[in-house]
Amino acid sequence: MLENSFGLIFFLKVPPHESNITTVYFRIIVDGIPKEGLTRCQWEIERLNQKKERATGTKEHAKSLNFFQDSLTNKIHEIKAEIMYI
């Protein structure tokens, strides 16, 4: 199984109510077919850089969210590698 394209992005959806805290989502795109999932991490809309897909700030909470995103990215790439070699 070889894919022509693979993408992974993290983003926030605008909440339906007037809260500025929402769940961090991720989207995996393989050969143009997108699938979304949620990370169950809550974050403020203003404190996420959408271009870099990273939490802004130097506080521990921002560092932990960025570390979580890095570890989730690594897990997804490991699973992708396992699937490709089967």
Side-chain angles (χ1 to χ4, degrees):
M1 177 180 104
L2 294 173
E3 81 279 347
N4 294 329
S5 65
F6 178 82
L8 173 66
I9 60 170
F10 291 93
F11 63 97
L12 299 175
K13 289 187 178 180
V14 178
H17 49 289
E18 295 192 19
S19 174
N20 65 343
I21 296 176
T22 185
T23 304
V24 179
Y25 289 81
F26 65 94
R27 180 178 294 142
I28 300 173
I29 304 169
V30 178
D31 292 337
I33 302 170
K35 298 294 179 184
E36 291 183 4
L38 60 105
T39 62
R40 296 185 183 168
C41 292
Q42 300 288 315
W43 197 250
E44 296 175 27
I45 294 173
E46 306 88 36
R47 294 183 54 209
L48 187 80
N49 186 337
Q50 289 287 7
K51 288 186 178 183
K52 294 183 179 179
E53 301 171 10
R54 308 287 287 176
T56 58
T58 58
K59 304 245 183 201
E60 190 63 34
H61 192 61
K63 289 179 183 180
S64 67
L65 179 63
N66 288 335
F67 179 78
F68 175 76
Q69 286 179 332
D70 290 339
S71 64
L72 185 61
T73 300
N74 288 338
K75 285 180 185 180
I76 290 171
H77 285 291
E78 286 175 9
I79 292 169
K80 175 190 164 204
E82 284 180 24
I83 291 172
M84 288 184 67
Y85 292 119
I86 290 180

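Expressed to the nearest 0.5 Å, how far CZ of Phe68 lies from OG1 of Thr73 amounts to 9.5 Å. Atoms CD and CD1, from Glu53 and Ile9 in turn, are 6.0 Å apart once rounded to the nearest 0.5 Å. Once rounded to the nearest 0.5 Å, the distance linking CD1 of Ile76 with CD1 of Ile28 reads 4.0 Å.
Side-chain contact annotation: Gln42 with Thr23, donor-acceptor N/O pair under 3.5 Å present.
By the criterion of side-chain heavy atoms lying less than 4.5 angstrom apart, applied directly or through intervening Ile, Leu, Val, Met, Phe, Trp or Tyr residues, Leu38 is not grouped with Ile21; the two fall into different hydrophobic clusters. Hydrophobic clustering (ILVMFWY, side-chain heavy atoms < 4.5 Å, transitive): Leu65 and Leu8 are in one cluster. Ile29 and Leu12 fall into different hydrophobic clusters, where Ile, Leu, Val, Met, Phe, Trp and Tyr side chains are chained together by heavy-atom contacts under 4.5 Å.
Taking both residues in full, the closest heavy atoms of Ser19 and Ile45 are given as O-CD1, 4.5 Å, listed atom of the first, atom of the second, then distance. The heavy-atom pair separating Gly57 from Ala62 by the smallest distance is O-CB, 3.9 Å. Listed here is the closest heavy atom pair of His77 and Phe6: CE1-CE2, 3.5 Å. Among all heavy-atom pairs drawn from Trp43 and Ala55, the shortest one is CZ2-CB, 3.5 Å. In this structure, Lys13 and Glu36 approach most closely via the heavy-atom pair NZ-OE1, 3.1 Å.
Formation of a donor-acceptor pair under 3.5 Å by the Thr56 side chain with backbone atoms of Asn49 is not found in this model.
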Derivation of the side-chain contact (heavy atoms from CB on, under 4.5 Å) call for Gln69 and Val24: CA-CA 10 Å; Gln69 286 179 332; Val24 179; 4.0 Å; yes
Under the salt bridge (Lys or Arg N to Asp or Glu O under 4.0 Å) rule, what do Lys63 and Asp70 come out as? Steps first, then yes or no, please. CA-CA 11 Å; Lys63 289 179 183 180; Asp70 290 339; over 6 Å; no
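Annotation for Phe11: atom CZ counts as buried by contact number, over 12 foreign heavy atoms lying within 6.0 Å.
Ring geometry for Phe10 against Phe26 counts as tilted: the plane angle lies between 30° and 60°, on a 0 to 90° scale.
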